[in-house]
Number of protein chains: 2
Amino acid sequence: MSAGVPGSAVDEVTDAVLTASRLLVAVSARSIAAVGEDVTLPQFRMLVVLAGRGPQRAGELAELLDVHPSTATRMADRLVGAGLIDRVANPQSRREVIVALTEPGRHLVEDVTARRRAEIASIVARLDPQLRANLVSALRAFADAGDEPMAVSSRDASALGWT
Amino acid sequence: MSAGVPGSAVDEVTDAVLTASRLLVAVSARSIAAVGEDVTLPQFRMLVVLAGRGPQRAGELAELLDVHPSTATRMADRLVGAGLIDRVANPQSRREVIVALTEPGRHLVEDVTARRRAEIASIVARLDPQLRANLVSALRAFADAGDEPMAVSSRDASALGWT
DNA sequence: CGCCAAATTTTGTACTATACAAATATCTAC
DNA sequence: GTAGATATTTGTATAGTACAAAATTTGGCG
């Protein structure tokens with residue numbers, strides 16, 4: 001292994017993060033289902049972005065979601081069909097399209113978010129407070145450590161045949 | 001909030017776990033791409049299960065991956081096409097189909113896994129050792145706390161209008 | 001002014017993942 | 001040996017995804 005970290009530690013961290021993440025995804029899915037709306041997880045992500053950052057240009061929205069613009073268009077089609085978002089041409093520049101939550105859309109996000117937060121809170125509440133503090137700092141450090149693009153030393157990279 | 005846990009703690013934990021998990025998914029995707037094979041993440045999951053538990057019945061495989069059997073069939077179709085798995089009828093019970101890695105399939109898994117482990121190791125290596133230990137124990141505790149099915153107190157549940 | 005290049009979005013096409021229902025094939029027990 | 005149970009595949013439909021091409025709009029330049 002590349003830097004004095006035993007392989008088992010790598011696998012333990014990987015497993016632990018992925019398990020925790022699966023749990024959160026399951027909680028989110030449950031929360032959406034509980035609200036009874038027929039919205040997929042990617043669609044919900046779009047709604048959350050709109051709730052958090054306000055109305056957005058279609059292309060900007062695609063970038064925020066890290067999908068191709070045409071993907072965003074089609075996702076938006078479905079959400080418009082469900083009455084959860086509106087699409088209006090920007091009067092200043094009619095080639096741009098502004099996407100915004102409708103009232104039902106905002107409601108949905110609030111509803112689902114409240115349920116999700118409540119459920120996660122009930123999990124977090126069961127954690128020993130010391131562990132709880134560790135969790136956040138350790139995960140942040142982990143994410144920060146991985147943030148630097150191409151997170152491998154050049155020695156490792158060449159050893160593995162990377163460019 | 002349900003149990004004396006400030007909302008911000010909930011959001012911090014949620015954010016931290018999801019960010020870390022996104023990082024890992026990105027690492028995995030990079031590792032697969034680096035090997036140059038045109039395999040999707042779900043397909044790779046199937047290969048990993050086969051590598052870890054040996055040849056499996058089609059239905060068993062679907063359960064392990066938590067997808068519908070027909071989904072597994074189609075995923076397997078593509079992997080057979082790519083020469084990464086084999087499908088043989090169980091001689092003992094010809095209605096059953098056994099799916100197994102081919103040599104190229106096993107190779108692919110080993111290759112990708114090695115790259116992924118190396119990259120994650122280089123991230124983990126940057127962590128303060130104390131944080132590293134905290135990370136695993138805290139995440140495990142979190143996942144365990146969430147494992148209990150329907151992780152909400154009945155008081156919370158009724159307060160939220162759950163059944 | 002008018003046209004052409006750049007920007008923005010949508011449409012056409014193709015493919016994967018996914019589920020449900022129905023068809024198919026096999027096995028087993030009576 | 002036939003009926004019911006079991007295992008898989010096929011038919012059909014939908015969502016997410018990308019790339020390429022078309023459509024629309026804007027803006028600048030001769």
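In what follows, every chain begins at residue 1, and chains take the letters A, B, ... in the order their sequences are listed.
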Distance in angstrom units between [X] [atom1] and [N] [atom2], rounded:
X	N	atom1	atom2	value
A/Leu79	D/dT14	CG	C1'	14 Å
A/Leu41	C/dA17	CG	P	18 Å
A/Leu47	D/dG16	CG	P	11 Å
B/Met75	C/dA19	CE	C1'	14 Å
B/Arg94	D/dT8	CZ	C1'	14 Å
A/Ile98	C/dT8	CD1	P	11 Å
A/Asp77	D/dT17	CG	C1'	14 Å
A/Leu65	D/dT17	CG	C1'	13 Å

Starting the side chain at C-beta, find the nucleotide from [options] nearest to [X].
X	options	result
A/Ser70	C/dA17, D/dT9, C/dG12	C/dG12
B/Arg78	C/dA17, D/dC19, D/dT9	C/dA17
B/Glu96	C/dT18, D/dA7, D/dT9	D/dA7
B/Arg57	D/dA15, D/dA20, D/dA7	D/dA7

Next on the checklist: Judged by each residue's nearest nucleotide on DNA chain C, which is more toward the 5′ side, A/Ser93 or A/Arg74?
Outcome noted: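 Of the two residues, A/Ser93 wins.
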Checklist entry - Has the side chain of A/Arg95 got a donor or acceptor atom sitting under 3.5 Å from an opposite partner on the base of D/dT25? => result yes
May I ask you to verify if any side-chain N or O of [X] is less than 4.0 angstrom from the OP1 or OP2 atom of [N]?
X	N	value
A/Arg87	C/dT9	no
B/Thr71	C/dA17	no
B/Gln43	C/dA17	yes

Next on the checklist: Base, sugar-phosphate or nothing for A/Thr40? Non-hydrogen atoms, less than 4.0 Å.
Outcome noted: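 Counting heavy atoms under 4.0 Å across all strands, the contact made by A/Thr40 is with sugar-phosphate only.
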Next on the checklist: Applying a 4.0 Å non-hydrogen cut-off, can you work out what A/Arg45 is touching in the nucleic acid: base, sugar-phosphate, or nothing?
Outcome noted: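 Nothing, no heavy atom under 4.0 Å.
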Checklist entry - Are any side-chain N or O atoms of A/Arg57 and backbone N or O atoms of A/Glu96, one a donor and one an acceptor, separated by less than 3.5 Å? => result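 The answer is no, because no donor-acceptor pair under 3.5 Å joins these two groups.
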Item to check | N-O pairing of B/Arg87 and B/Asp77 below 4.0 Å | outcome: yes
Checklist outcome for this item: The single option from A/Asp86, A/Asn90, A/Ile98 that satisfies side-chain contact (heavy atoms from CB on, under 4.5 Å) with A/Pro55 is A/Ile98
Checklist entry - Is there a side-chain contact between B/Val27 and B/Ser31, using heavy atoms and a 4.5 Å cut-off? => result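 Heavy-atom side-chain distance check passes, below 4.5 Å.
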